[in-house]
Engineer: 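First, the structure itself, so that you have it in front of you.
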2 protein chains.
Amino acid sequence: MSVTSSREMVQRLSNYRSVLCKLKALGFVKVFSDNLGDALGISSSQVRKDFSLFDLTGNKKGGYQVDDLIGKLNVILGKNTIQKIIVVGCGKIGTAMMNYNGFSRESIKVAAGFDTDPTVINPRGLIPIYDLSDLQAFIKKEQVKIAIITTPESGATRVQDLLLESGIQGILNFTPVKLKGSESCVVHNVNIEQEIENLFYFVNEMKDGSPKNPNSE
Amino acid sequence: MSVTSSREMVQRLSNYRSVLCKLKALGFVKVFSDNLGDALGISSSQVRKDFSLFDLTGNKKGGYQVDDLIGKLNVILGKNTIQKIIVVGCGKIGTAMMNYNGFSRESIKVAAGFDTDPTVINPRGLIPIYDLSDLQAFIKKEQVKIAIITTPESGATRVQDLLLESGIQGILNFTPVKLKGSESCVVHNVNIEQEIENLFYFVNEMKDGSPKNPNSE
DNA sequence: GTTTTTATGTTATCAAAATAACATAACCAA
DNA sequence: TTGGTTATGTTATTTTGATAACATAAAAAC
């Protein structure tokens with residue numbers, strides 16, 4: 001069961017699930033590794049290999065049962081329980097995260113926001129916003145495991161320290177500071193400036209004549 | 001000159017530049033591949049290999065000149081000119097992107113926003129917001145190359161079609177729809193729900209006893 | 001009931017990316 | 001000037017991940 005899985009692998013699992021849900025909505029009952037490979041732009045071997053690693057079995061001729069796959073993927077990805085998160089830093093991006101519509105459908109719930117600015121603090125809001133000094137107590141009381149950091153750059157490392165002390169196990173970091181993960185905490189850095197920079201590089205490279213296309217994720 | 005460079009490679013180039021700028025601020029004049037490797041959590045061989053591919057040369061003993069490296073990386077990454085972008089979809093996340101402070105420092109400028117909702121359209125704003133019907137004319141007139149998509153899920157593919165028709169060459173997509181790149185247009189998908197899902201997977205995996213840590217980007 | 005077809009599950013092969021190893025040139029010390 | 005040291009730049013090795021190949025079992029056809 002305990003599979004050593006890379007980031008890319010888990011992303012593929014998410015993608016499989018996403019495609020399967022769409023197929024289910026279309027009335028599909030079974031699906032073949034060929035179909036899924038085409039949908040994700042990968043080989044059917046890869047699909048079968050991924051599935052076999054996670055004991056997602058099919059039928060020697062009839063392919064895979066859509067419903068069955070979705071169910072098993074839900075368990076693997078933890079989608080059968082509400083995934084509670086907090087947002088630290090309630091500026092523009094932080095607020096957008098707190099009110100992001102896409103979360104509810106994926107059973108992700110923002111339990112609270114945190115900030116240092118007294119004017120944005122509002123413990124009685126639909127999603128309460130507390131002072132940063134309440135962060136650690138909240139995490140421990142509510143047993144929060146995942147946090148989004150959307151503070152200004154200057155606050156990022158301090159907030160990470162606070163989060164690690166309180167036992168947070170996963171961080172999604174939207175600040176341009178590259179935070180390092182550890183044994184006890186996984187970190188995903190989303191650096192928006194860098195994404196743009198990266199795109200400009202490839203655009204300029206195209207212009208130079210060598211339209212070498214990178215994988216789009 | 002025409003190097004076939006992967007996404008990861010360009011990200012490393014960005015990271016080198018970022019660290020080098022910080023070192024420069026600290027007064028560093030020269031730097032060794034060892035230092036940079038440590039800072040990015042990679043081997044020094046990797047650093048030297050990356051540099052050699054882009055003709056970033058050092059001195060057989062004295063390491064690399066910080067100023068020189070930054071200058072050359074700026075050219076490679078196109079940071080010596082203003083990088084003009086547009087934002088399509090001016091909801092919460094889109095608005096946050098338009099007003100994102102981090103862009104100016106990286107010489108990225110949001111030229112305009114676009115939306116279908118008449119109540120948010122404001123062609124006289126500091127950053128003008130136009131109706132979606134003006135999108136294609138604007139791109140052609142202003143020769144915009146890069147766009148950020150922050151529409152609701154339902155609008156994503158339609159907007160992509162519009163963008164491709166007008167000759168956009170790079171897209172940063174924040175909708176949960178996985179957009180596909182092409183020969184003429186590079187796409188980077190940032191799927192927030194999926195990032196959270198991914199983190200929960202690793203957190204749950206840790207709990208199961210195998211704290212296999214993935215690379216944090 | 002036998003044969004043929006087809007898609008899985010696994011093994012083998014291939015490709016790419018990262019690390020390690022090393023030969024070389026610059027610097028320093030005596 | 002000579003010998004030792006050190007960090008680069010390139011080549012070799014290793015590791016990792018993806019694809020391809022194939023043997024197997026189930027369904028369909030006859």
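Numbers restart at 1 for each chain; the letters A, B, ... are given by sequence-line order, proteins then strands. This structure is a prediction, so every number in the text was calculated from the model and none was measured.
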Engineer: Provide the closest heavy-atom pair for Gly78(B) versus Gln83(B) in the form atom of the first, atom of the second, distance.
Structural biologist: O-NE2, 3.2 Å
Engineer: Rounded to whole Å, how long is the line connecting atom CG of Leu36(B) with atom P of dG9(D)?
Structural biologist: 13 Å
Engineer: Let me know, please, whether Asn59(A) or Asp50(A) comes out on the 5' side of the other along DNA chain D by nearest nucleotide.
Structural biologist: Asp50(A)
Engineer: Between the side-chain atoms of Ser45(B) and the base atoms of dA20(C), is any donor-acceptor pair under 3.5 Å?
Structural biologist: yes
Engineer: In whole angstrom, give the distance that lies between atom CZ of Arg48(B) and atom P of dA18(C).
Structural biologist: 15 Å
Engineer: Nearest to the side chain of Thr57(A), which nucleotide is it out of dT19(D), dA7(D), dG9(C)?
Structural biologist: dG9(C)
Engineer: Flag yes if more than 12 heavy atoms outside Asp161(B) fall under 6.0 Å of its CG atom; otherwise flag no.
Structural biologist: yes
Engineer: Tell me: NZ of Lys30(A) to C1' of dT6(C), nearest whole Å?
Structural biologist: 11 Å
Engineer: Taking atom P of dT19(C) as reference, at what distance in whole Å does atom CD1 of Ile42(B) sit?
Structural biologist: 7 Å
Engineer: Answer yes when Glu165(B) and Lys140(B) have at least one side-chain N-carboxylate O distance shorter than 4.0 Å, and no when they do not.
Structural biologist: no
Engineer: Select from Lys61(A) and Lys49(A) the residue whose nearest nucleotide in DNA chain D is closer to the 5' end of that strand.
Structural biologist: Lys49(A)
Engineer: Looking at side-chain heavy atoms only, is the closest gap between Ile149(B) and Leu163(B) below 4.5 Å?
Structural biologist: yes
Engineer: For the pair made of CG in Leu56(A) and P in dG9(C), what is the distance, rounded to whole Å?
Structural biologist: 9 Å
Engineer: Tell me whether the side-chain N/O atoms of Arg12(B) come closer than 4.0 Å to OP1 or OP2 in dA18(C).
Structural biologist: yes
Engineer: If the cut-off is 4.0 Å, is Ser52(B) near the phosphate of dG9(D), judged by side-chain N/O to OP1 or OP2?
Structural biologist: no
Engineer: I'd like to know if Ser33(A) reaches the base of dA7(C) with its side chain, counting only an N/O donor and acceptor under 3.5 Å.
Structural biologist: no
Engineer: Give a yes or no answer on whether the side chain of Asp50(B) reaches the backbone of Val47(B) with a donor-acceptor pair at less than 3.5 Å.
Structural biologist: no
Engineer: Just call it for Tyr64(B): base, sugar-phosphate, or nothing, with non-hydrogen atoms closer than 4.0 Å on any strand.
Structural biologist: sugar-phosphate
Engineer: Whole-Å distance between dA18(C) C1' and Leu53(B) CG?
Structural biologist: 13 Å
Engineer: Would you classify Ser44(B) as touching base, sugar-phosphate or nothing, given that sugar-phosphate means primed atoms plus P, OP1 and OP2, and contacts are heavy atoms under 4.0 Å?
Structural biologist: nothing
Engineer: dT19(D) C1' sits how many Å from Leu40(A) CG, rounded?
Structural biologist: 15 Å
Engineer: Expressed in angstrom and rounded to an integer, what is the separation of Asp38(A) atom CG from dT19(D) atom P?
Structural biologist: 12 Å
